Amino acid sequence: MTDANPKLDPHPGSNTEKDPSDWVSGDDPMTGAQASYLKTLSEEAGEADAFSDDLSKAEASKRIDALKGELKL
C-alpha cells in the first residue's frame with residue numbers, strides 16, 4: 001500500500017476529465033457559470049453567435065473550449 005495522496009498528484013488519473021458528450025448530465029441546461037463565461041468569451045472573440053441561451057451543459061462546454069482555443073487562453 002502506498003501513502004500517495006491523489007489530491008496532490010500533478011498527473012491525476014485519466015478519469016478526471018471526460019468528453020462532454022459522455023457526461024451523464026450533458027443534456028441538462030448549461031449552468032449560470034457556463035452562461036456567464038461563454039457570454040464573456042463570445043464577446044472577447046467577437047463571435048456573438050457563439051452564445052445561445054438554450055445550450056446544454058455539454059454544448060456550452062464544447063463552445064467554451066473552442067473559444068478558449070481561439071483566444072489562446
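Being a predicted model, the structure only gives us computed values, none of them experimental.
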Atom pair OG (Ser42) and OH (Tyr37), whose distance is rounded to the nearest 0.5 Å: 11.0 Å
Glu43 side, atom CD; Leu67 side, atom CG - distance, nearest 0.5 Å: 11.0 Å
Spacing of CE belonging to Met30 relative to CD1 belonging to Ile64, to within rounding of 0.5 Å: 8.0 Å
From Arg63 atom CZ to Leu41 atom CG, the distance as rounded to the nearest 0.5 Å: 12.5 Å
Pairing residues for Asp49 by the side-chain hydrogen bond (donor to acceptor under 3.5 Å, both in side chains) criterion, not counting sequence neighbours: none
Donor-acceptor contact present, side-chain Ser36 to main-chain Gly32, <3.5 Å: no
CG on Leu38 to CG on Leu55, rounded to 0.5 Å: 6.5 Å
Spatial distance of atom CZ (Phe51) from atom CD (Gln34) [nearest 0.5 Å]: 10.5 Å
